[in-house]
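Each chain gets a letter, A, B and so on, in the order the sequences are listed, and its residues count up from 1.
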Amino acid sequence: MQFDARIRSTHHYASSPVDDPVLTVTDAAKSFGDVSALAGADLTLERGEWIGLLGPNGAGKTTLVRSVAGRVRLDAGSITLLGEPLNQATNSRSHLGLVPQEIALYPELTAEENLRAWGALSGVAKAELGERVDWALEWSGLAERVGKRVKTFSGGMQRRLNVACGILHRPEVVLLDEPTVGVDPQSRERIWGMLEALRRDGASLLLTTHQLDEADRVCDRIVILDHGKVIAEGTSAALKERTAGAGASLQDVFIHLTGRELRE
Amino acid sequence: MSATLLRVAWIHLKRDRVALALCFVLPVVFFSIFAAIFSGGGEGGARSIVVLLADEDDTPTSRRFAETLDDMGALRLSRGPAASESNPDPAPWKRESAHRAVRSGKAPVAVVLPEGFESTFGDFGGDRPAVDLLFDGANPVARATVDGLLQGAAMQAAPDLLIRRGLDQLDRFGGGLTDAQKRALDIFLPVVRGERSPSSVTGDPRDDEAENSGFGGLVPVRATEVGAEEDGRSMVAYYAASISVMFLLFSMVGAAGSILEEKERGTLERLLASRVSPGRILGANWIFYALLGVAQLSVMFAWGAAVFGLDLSSPQRLAGVAVMTVATSAAAAGFGLLMATHCTSRNQLQGVSTVLILVMSAVGGSMVPRFVMPPFMDQAALFTFNGWALDGYLKVLWYDDPSATLGASLVTIGPEVAVLAGLTLAFLGLARRAARRWDAA
């Protein structure tokens, strides 16, 4: 993976006193009216692990991620973050970072102003904010555009800043929803490089993507969700071997498990 | 190809309810409002003008004149303040008390029948004491109406007196109807008809001054705008308040639309995921919009003062304007949030709020002064934001008592401030309720 080694995180994530999973989703169920979005999904994310959460449209990926982010209340089941049951008031939520699929930035603000705003809103102390913003600007390769308004940025630059705003408070668990959608290969490489630096610092990532080749390349483990349930999980190699056979791609595995029928 | 494009355009319009409302409903609503205002139609009919009568002459002729005026229907004559528990038998209006009442906005016009009214009634010249018409400059319509009705009442009130006075005038100018006198009358009659100036007959320029003070009518009337000279009031105050309030609403809705943009951009969802509660988001936005409103109104009034001579020099006015500005901005900011949280897109917000604000502004007096509205419309104004905000501002800028203490002058706007505060709470409460959909589902 191409990545500028000079750009390194200057911090390390705190270690939990025990080696328990950082995130556990148990028997999660959620319905919206007659539509069942989650139907008993289970998931475990270990410290420093990257999980690629795959599934066809409507499989329940976004609902699962939003549940972990505290934006969806489960009808049944539970979520535990750093050993603590997750709810609106849970302190451990400050250890969670969310990078949404949308470019959720303020376009009239500069990169620095966006970082300052999201850092403050995520609970970064005022005394640390300047140092964190400087680090994030370097980390995302935006230091030279520090004073420019975000609306003048290219799609790739906005994506990088979008990721930077989500991890500025140094969360132990990062939820990434399609972090590289709509960007060119160069920006994509840069974003994966940025995330790789997080992995080295011990962050755990739960990533949803439709770009199966990338998931295959960067994730430690693949979880495939369909009809609200986890239908397969394991390393990419194990999944290939179990389902489509040796030499198959992750896409072959995906199609094998979820079928060719179009999902609306 | 054209047919296809027409069909697509029609489908778009048909499915865009806001565009349909702006296209067909808003013009009809506006037409109805203005038709009701200017035709005086609808339930309640045209409004009658309250006229305070101070009869300093207190003679049979002045009383007959007053009765005739009262019977004319277009006026509601008040001879004294309404009885109250503290004052069960109030004294009739005097010049001073009537002046104060008009000054404070209790009535748009007061008529003072001066001493000597009877003895000079029907004279066309000479030193006739003028009937004083004290009017509220905010209501020029009432002044013109009452002025005309006074002449009509003079004609109907005492025709016998008019004939006698007419003969006296004939004797004075004709002197026994000699040929020379007939010629003199021929010369004078055009003066009565207002076709020539009196000085062209008498050669004395002072007679022109006499005409200016009422020579041209049966009853000489001296109209005085109450408060215009001593307090420096001007209609700028009315327009400053009415235009400011209307544009404040547009500004607040425009600013609150940023919430919908945040929703579309995903920053709202990100904020909510950052453990920022919907209540806190609404609260922070409300404070910002309210401060923005205060700044906007302050700029408007400062401009009015600097360029158009709006008098804000007294501490009472300044404090009153400040209180009203804060109360109005707070409520307008709440209104903006209410609209933004109930709409699902910026386009919808723009369309719906334009309809609502224009209707509220028309009914509430921001476009047409409420004194020209029929009574039912005037009452309807009390159901609008603009109506209460304008009432408060006019109390401060127009109907204020310069001699009142700071505290006393602020007490007068208590009801308006209380209603605006209530509206603020109601708007914010409804906005918070609508923002429940932001909560975790």
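Across A:S122, A:P100, A:G97, the residue that shares the most heavy-atom pairs under 4.5 angstrom with chain B is A:P100.
Only the backbone of A:I103 comes within less than 4.5 Å of a heavy atom in chain B; its side chain stays farther off. Using a 4.5 Å cut-off between heavy atoms, B:L268 does not touch chain A at all. Heavy-atom distances place no part of A:D75 under 4.5 Å from chain B, backbone and side chain included. Proximity to chain B (any heavy atom under 4.5 Å) is shown, for A:L74, by neither the backbone nor the side chain.
Annotation: side-chain hydrogen bond (donor to acceptor under 3.5 Å, both in side chains) contacts of A:K148 (sequence neighbours excluded): none.
Between the side chain of B:R270 and the main chain of A:V99, no donor-acceptor pair closer than 3.5 Å is present.
The two atoms that bring B:T267 and A:W118 nearest to each other are O-CH2, 3.5 Å, heavy atoms only.
Residues A:R66 and B:E269 are paired through a salt bridge, judged by an N-O separation under 4.0 Å between the basic side chain and the carboxylate.
Counting non-hydrogen atoms of neighbouring residues, nucleotides and ligands closer than 6.0 angstrom, the CZ atom of B:F383 reaches no more than 12 such neighbours. Dense packing is recorded around CZ of B:F250, with more than 12 heavy atoms of other residues, nucleotides or ligands lying under 6.0 Å away. Residue B:R437 qualifies as enclosed at atom CZ: its count of foreign heavy atoms under 6.0 Å is above 12.
Heavy-atom neighbours of chain A within the stretch residues 258-265 of chain B, taken at a separation under 4.5 angstrom, comprise B:E262, B:R265.
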